[in-house]
Amino acid sequence: MYRHALHDLKQWKESSRRKPLIIEGARQVGKTWLMKEFGAQEYKNTVYINFDHNEIMTNLFAGDLSIQRIMQGIELYCGHTITPDDTLLIFDEIQEVPAALASLKYFCENAPEYHIICAGSLLGIALHRGTSFPVGKVDFLKLYPLSFREFLIADGMKDCADMIERKDFEMMKVFRLKLTDALKKYYYVGGMPEAVLAFSANHDYHQVAQIQDNILAAYDQDVSKHAPNDQVPRIRAVWNSIPSQLAKENRKFVYGLLRQGGRAKEYETAIMWLCDCGLARKISRISAPKLPLKAYEDLKAFKLYFLDVGLLSRLSGLTPMTLLEKNALFSEFKGALTEQYVQQELTANGVQNIYYYTNERSTLEIDFILGLDASIIPIEVKAEENLRAKSLKSFQEKYECPLAIRTSMSDYRKESWLTNLPLYAVSALADPDGLALS
């Protein structure tokens with residue numbers, strides 16, 4: 001399995017300003033595999049320590065946090081001497097021992113020669129409980145489900161992944177049917193590593209569905225185990241409502257769909273919990289398309305997306321045949337899946353400033369607004385071949401952005417005011433050079 005994050009980890013290793021690294025991400029997105037694979041590829045030795053229910057480590061970090069003492073304890077635990085230059089130290093589920101998280105400050109300040117990578121599935125939740133955190137003393141890397149290009153590589157289509165990375169739009173036209181078919185499969189399988197590996201081995205959709213059910217059940221158990229008791233019903237209500245929220249024509253999150261008369265103050269903590277543990281992504285509205293976008297964020301209006309398009313498909317009860325064949329019954333929900341996919345793909349490829357826009361009367365809506373460099377890029381998402389872009393044209397006429405994007409199943413083409421970007425190549429927006437800015 002290929003993960004682009006391995007490249008990011010190599011850059012971290014070679015950095016002269018390297019600090020202990022924390023990998024953030026939801027449970028089962030592949031953090032443990034990534035750390036171990038990186039250790040196997042780049043180091044002579046790897047020491048892996050899982051802090052979950054680890055009494056020895058709990059006791060070790062309960063005492064003096066001097067680096068010499070901690071390293072002596074770790075060497076006794078793993079049974080051999082640790083040489084800093086050729087050993088990777090992996091601290092998994094580090095949030096279970098808060099003192100270990102606090103110790104990263106001392107590794108950074110007093111022993112920067114050690115290469116340390118940490119991960120924790122519920123780290124964001126732990127921090128909101130007031131866990132001591134070494135601010136400014138750690139590096140961060142966010143890990144998401146496999147992107148579409150990573151999915152292609154896992155499924156034996158590296159040539160297609162490479163042409164997308166090269167932005168070879170002429171060659172993409174030649175292989176359009178192959179790419180479109182693969183994208184529809186990705187809508188169902190998604191990017192959770194276990195589901196992708198199973199699908200790449202035998203293309204068994206039923207096995208994928210079983211794996212997705214197990215992942216969803218594990219997330220539900222996390223809610224029961226780790227969330228505040230009074231928030232558990234609200235978290236589940238928000239989580240289960242996301243498919244119906246995204247299926248609406250106006251995908252703005254509506255509290256009234258959770259219960260009649262539902263209000264923001266009842267569910268704000270539940271939404272924050274889901275976002276902090278990586279299970280949901282909140283995209284806010286902007287009141288005006290001006291830079292910096294953050295300054296125009298409307299905190300009361302937002303869309304809530306899933307962690308993964310495959311899990312969204314599964315929780316929504318969609319079948320492979322629904323997605324792979326044209327089915328009028330689900331034509332509207334295909335739009336929701338496509339919007340979920342675009343958001344997920346942008347996020348996985350490092351795009352940070354993602355918002356959406358509606359005017360005050362809600363007569364004009366732009367699905368996504370990106371703030372890249374000194375430019376604002378509006379994006380309209382089309383699930384099929386429908387190429388009408390009335391809202392986008394009105395927006396462009398009013399604000400004259402340097403690049404307006406309609407992403408659909410149609411081929412790439414540059415028009416006077418609009419660029420049509422194929423959905424399977426939407427990752428190109430992470431680096432819009434070559435999209436003919438004009």
Side-chain angles (χ1 to χ4, degrees), residues 1-9 11-12 22-31 33-35 37-38 119 121 124 140-155 157-158 160-162 164-167 179 182-197 199-200 212 215 242 246 274-275 277-283 303-313 336-356 367-368 370-372 377 379 381 405 407 421-432:
M1 183 169 63
Y2 167 79
R3 299 304 306 266
H4 182 74
L6 287 168
H7 172 73
D8 298 327
L9 291 177
Q11 289 185 322
W12 167 81
I22 292 178
I23 300 180
E24 299 177 290
R27 190 181 297 281
Q28 301 192 53
V29 295
K31 298 186 298 297
W33 176 90
L34 178 68
M35 294 186 294
E37 181 68 15
F38 177 60
S121 298
F140 289 96
L141 175 68
K142 289 186 179 292
L143 188 65
Y144 301 99
L146 274 75
S147 68
F148 180 54
R149 280 184 295 166
E150 290 173 327
F151 172 81
L152 289 173
I153 293 171
D155 202 30
M157 291 185 281
K158 187 177 184 301
C160 291
D162 289 344
I164 292 173
E165 186 170 11
R166 293 193 310 268
K167 302 177 188 174
L179 287 165
L183 180 59
K184 290 181 178 179
K185 291 174 181 175
Y186 182 72
Y187 279 12
Y188 186 81
V189 177
M192 301 304 287
E194 187 180 359
V196 173
L197 286 176
F199 181 77
S200 64
Q212 291 170 334
I215 293 172
I242 294 178
L246 290 176
L274 287 169
C275 293
C277 63
L279 297 183
R281 177 80 192 276
K282 187 177 180 181
I283 302 294
K303 301 178 184 179
L304 204 61
Y305 293 93
F306 252 55
L307 160 72
D308 176 63
V309 67
L311 294 180
L312 176 60
S313 293
L337 288 177
T338 303
E339 198 170 308
Q340 162 72 37
Y341 158 74
V342 171
Q343 178 278 137
Q344 183 175 332
E345 191 73 355
L346 292 171
T347 300
N349 283 280
V351 179
Q352 298 293 325
N353 296 317
I354 307 176
Y355 298 88
Y356 78 98
D367 298 314
F368 296 106
L370 308 185
L372 295 176
I377 300 178
I379 304 173
V381 177
I405 296 290
T407 183
L421 185 65
L423 281 162
Y424 44 76
V426 77
S427 60
L429 287 171
D431 179 18

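Side-chain atoms are counted along with the backbone in the values below, which use heavy atoms only and exclude waters and symmetry mates.
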Side-chain contact, heavy-atom cut-off 4.5 Å: [X] with [Y]?
X	Y	value
Met1	Val196	no
Ile405	Leu370	no
Met192	Val29	yes
Ile379	Asp367	no

If you compare all heavy atoms of [X] against all heavy atoms of [Y], which two are closest, and at what distance to 0.1 Å?
X	Y	answer
Ile23	Lys31	O-CD, 3.8 Å
Ser313	Tyr187	OG-O, 2.9 Å
Leu346	Val426	CD2-O, 4.1 Å
Cys160	Leu179	CB-CD2, 3.7 Å
Lys303	Glu339	NZ-OE2, 3.0 Å
Gly190	Val309	CA-CG1, 4.0 Å

**Complete:** Sorted by chain and residue number, the ring pair (Phe, Tyr, Trp, His ring centres under 6.0 Å) partners of Tyr144 (sequence neighbours excluded) come out as none
**Request:** Could you list the residues that satisfy ring pair (Phe, Tyr, Trp, His ring centres under 6.0 Å) with Tyr356, not counting sequence neighbours?
**Result:** none
From [atom1] ([X]) to [atom2] ([Y]), nearest 0.5 Å:
X	Y	atom1	atom2	answer
Leu141	Asp8	CG	CG	5.5 Å
Ser147	Asn349	OG	CG	5.5 Å
Tyr188	Gln212	OH	CD	5.5 Å
Leu9	Trp12	CG	CH2	7.5 Å
Leu307	Arg281	CG	CZ	11.5 Å
Glu150	His4	CD	NE2	8.0 Å

Return the set of residues passing side chain to side chain contact (heavy atoms under 4.5 Å, CB included) with [X] (not counting sequence neighbours), or none when no residue passes.
X	value
Glu37	Leu6, Trp33, Gln41
Gln352	none
Ile153	Tyr2, Lys158, Ala161

**Request:** Check side-chain hydrogen bond (donor to acceptor under 3.5 Å, both in side chains) between Gln344 and all other residues, then give those that pass, not counting sequence neighbours.
**Result:** Tyr186, Asp308, Gln340
**Prompt:** Hey, do the aromatic rings of Tyr424 and Phe148 have their centres closer than 6.0 Å?
**Reply:** no
